[in-house]
**Student:** 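Starting off with a structure, shown below.
Every chain is numbered from 1, with letters handed out A, B, ... down the list of sequences. Computed from a prediction, not measured in an experiment: that's the story for all the values here.
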Amino acid sequence: MKIGAVRGMRDILPEETPLWQKLEAEIRAAFALYGYREIRTPLVEEAGLFARGVGQATDLVHKEMYVFPDKKGLTLALRPEATASVVRAYIEHGLYAKGGVAKLYYFGPMFRYEKPQKGRSRQFHQYGVEALGSLDPALDAEVIDLAGYLMERLGLPREGLFLRINSIGCKEDRARYREALRDFFTPRAEELCADCRRRLSENPLRILDCKRGGCQPAIRAAPKSTDFLCAECRAHFQEVLAHLDRLGTPYELDHTLVRGLDYYTRTVFELASRDLGAQDALLGGGRYDDLAELLGGPPTPGVGFAGGMERLVLVLRDRAELELAGKLDVYVIPIGEEQEVKRAAVWAASQLRRAGLAVDVEYLGRSVRKATQVASRVARHALFLGPDELAQGVAKLKDLSSGEERPLKLENLGAAFQQKVRARG
RNA sequence: GGGAGCGUAGCUCAAAGGCAGAGCACUGCGCUGUGGCCGCAGGGGUUGCGGGUUCGAGUCCCGUCGCUCCUCCCA
């Protein structure tokens, strides 16, 4: 092996790209139906955007971010997620001044320096939506409904999925809750793992995320964030759930769902698959009502989610009955060594392409038999062109499913082909 | 960051210290210029990389890189 792809980053080969294209098309279509329009932001941002927006203390920023200086000494970062970029662009271009709710969606690679495993790589691809400008709990519900609709549209059975939801309240609620957790866990510190004892001082919310068996009894007994919601946040959350009930969306209240990014407020949710391993979250999101202000813009509430393409591919690959082969219309096979013939073959291919047909030419000098065999695999028709045909001004067109073969005048070749094929129905 | 397993042909995998192999794929021939089946032949490899032990290493040891999975975290 001379040189290979960088660790945690992989090539998506032509075998797989049709599935990716199909998924992208479905996702775009679903987003469009819910009123979202695409935004494309740079892959590179000032590192400070994520430090401030996502949170300096989060794993994602202080452990997993690709950071590098540019030639002028600016500290740049490959984006580890897109919400901060989208909100930055929203502020920078004054999209709030256009009034209404800004509904934006994005698509593209993200970068996190992590140890690769199933469903987790260093360059991965996310799709996501952000709805900026409204506090309405109906919008939270709509975003969650969009996530559910997307999964339906992709053919993922509802039984294989589950929606976890929680509310972590506004900034003030969270401060009170954080203190309550600290008060609760401090006397029980011996029951917690080393990581959690560290979290106790840094960010007690994250203790709830711990998956270690030893910590579970304490976590189960811990106070719930929903018991610390102010009246407004409580009403907001209840209304979100009421909408979900009305929409017929099943969900599980999960008091340990806090998510790892600092900007989240109020509603947080995760849609996970029962068919994946340890990395089972297909998409996750929530509300982030303080983010725009934190990044120097006007106070603007927002809600959205992000999903992982690779995980979608993992779940969908096996059940892809999608006929994605994509055969050529014509495979042109020049016969013999004569340059005159070869030139005519290349010319014929060019003519057919201009008539809207997908065409390739035999370039490897394989035997006619072999070339025909290849043609039958990759194309619907073979077009034979040798010295005899050239002398008569024709080529022989063979239908590779029926075996039927007919001469085709080279003059006006594209039209002749269309006529021939249509005549047969 | 911690742990476990695995790296041999394009792909899937054999070779348990002694000649690096099979199936599939690829190319040619049987069939001179026409596919699907069958038969025959052929091309292919620094056994991930580097070191060590040994008369001899794909095999044992050390290191390194990569992959897979778990933990952690998250999409």
**Student:** Please measure how far the P atom in G44(B) lies from the corresponding atom in A9(B), and state the result in whole Å.
**Tutor:**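 The answer is 15 Å between these two P atoms.
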**Student:** Between Phe124(A) and A75(B), do the rings stack, that is, sit under 5.5 Å apart with planes less than 30° off each other?
**Tutor:**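 Yes; centroid distance and tilt both under limits.
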**Student:** Among U34(B), U68(B), A75(B), which nucleotide has an atom closest to any side-chain atom of Pro116(A)?
**Tutor:**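 Of the candidates, U68(B) comes closest.
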**Student:** Side chains of Glu142(A) and Tyr34(A): do they bring a donor and an acceptor to under 3.5 Å?
**Tutor:**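 Judged by distance alone, the side chains do not pair up.
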**Student:** Is it the case that the side chain of Arg311(A) and the backbone of Asp280(A) share a donor-acceptor pair, with hydrogens and angles ignored and the cut-off at 3.5 Å?
**Tutor:**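 Between the backbone of Asp280(A) and the side chain of Arg311(A) there is no qualifying donor-acceptor contact (under 3.5 Å).
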**Student:** Could you tell me whether Gly128(A) contacts a base, only the sugar-phosphate backbone, or nothing, with contacts defined as non-hydrogen atoms closer than 4.0 Å?
**Tutor:**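 Nothing: the residue Gly128(A), judged by heavy atoms under 4.0 Å, touches no strand.
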**Student:** RNA chain B: Glu64(A) or Arg7(A), which has the more 5' nearest nucleotide?
**Tutor:**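 Residue closer to the 5' terminus by nearest nucleotide: Arg7(A).
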**Student:** Can you tell which of G33(B), C31(B), A75(B) lies closest to the side chain of Ile335(A)?
**Tutor:**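 Of the options given, the side chain of Ile335(A) lies nearest G33(B).
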**Student:** Both distances under 3.5 Å, Watson-Crick or G-U wobble: report the partner of C26(B), or none.
**Tutor:**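 By the stated definition (distances under 3.5 Å), G42(B) pairs with C26(B).
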**Student:** Quick check: on RNA chain B, is the nucleotide nearest Ser367(A) upstream (toward 5') of the one nearest Leu283(A), or the reverse? Name the residue that is more 5'.
**Tutor:**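 Nearest nucleotide further toward 5': that of Ser367(A).
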**Student:** Which class fits the ring pair Phe31(A) and Tyr127(A): parallel under 30°, tilted 30 to 60°, perpendicular over 60°?
**Tutor:**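 Tilted: the ring planes of Phe31(A) and Tyr127(A) meet at 30° to 60°.
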**Student:** Name the closest nucleotide to the Val368(A) side chain, picking from A75(B), U34(B), G35(B).
**Tutor:**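 Shortest atom-to-atom distance from the side chain points to U34(B).
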**Student:** Is Arg366(A) side chain donor-acceptor paired with the C26(B) base, going by distance under 3.5 Å alone?
**Tutor:**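 No, no donor-acceptor pair under 3.5 Å.
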**Student:** Quick check: Phe417(A) with His381(A) (ring centres under 6.0 Å apart)?
**Tutor:**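 Yes, ring centres under 6.0 Å apart.
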**Student:** Does Glu389(A) contact G33(B) through a side-chain donor or acceptor facing the base, at a distance under 3.5 Å?
**Tutor:**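 Indeed, a donor on one side and an acceptor on the other fall under 3.5 Å apart.
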**Student:** Taking the same atom, C1', in G39(B) and in A57(B), what whole-Å distance lies between them?
**Tutor:**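 One C1' to the other, the span is 39 Å.
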**Student:** Within 45° of the six-membered ring axis of Tyr66(A) and under 6.0 Å from that ring's centre, is NZ or CZ of Arg112(A) located there?
**Tutor:**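 Checked: cation-pi criterion not met.
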**Student:** Which nucleotide, U27(B), C72(B), C31(B), lies nearest any side-chain atom of Arg120(A)?
**Tutor:**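 The closest nucleotide is C72(B).
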**Student:** Rounded to whole angstroms, how far apart are CG on Asp280(A) and C1' on C72(B)?
**Tutor:**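 After rounding, the reported distance stands at 14 Å.
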**Student:** If you only use heavy atoms from C-beta on, which nucleotide in C69(B), G35(B), C74(B) is closest to the side chain of Thr372(A)?
**Tutor:**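 So the side chain of Thr372(A) is nearest to G35(B).
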**Student:** As a test of reading the structure: which of G33(B), A75(B), C67(B) is closest to the side chain of Arg10(A), going by heavy atoms?
**Tutor:**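 Between G33(B), A75(B), C67(B), the one nearest the side chain of Arg10(A) would be C67(B).
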**Student:** Among A75(B), G3(B), U34(B), which is the nearest nucleotide to the side chain of Glu405(A)?
**Tutor:**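 Selected nucleotide: U34(B).
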**Student:** Let me know the distance between NZ of Lys63(A) and C1' of U71(B), rounded to the nearest Å.
**Tutor:**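 Rounded to whole Å, this separation is 12 Å.
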**Student:** Can you identify which nucleotide, out of C26(B), C74(B), C69(B), has its nearest atom closest to the Gln117(A) side chain?
**Tutor:**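 The answer is C69(B).
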**Student:** Within the pair Lys370(A) and U27(B), is there a side-chain N or O less than 4.0 Å away from OP1 or OP2?
**Tutor:**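 Answer yes for this pair, as a side-chain N or O of Lys370(A) is under 4.0 Å from OP1 or OP2.
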**Student:** Of the listed nucleotides (C74(B), G2(B), G33(B)), which one gets closest to any side-chain atom of Lys115(A)?
**Tutor:**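 Ranking C74(B), G2(B), G33(B) by closest atom to the Lys115(A) side chain puts G2(B) first.
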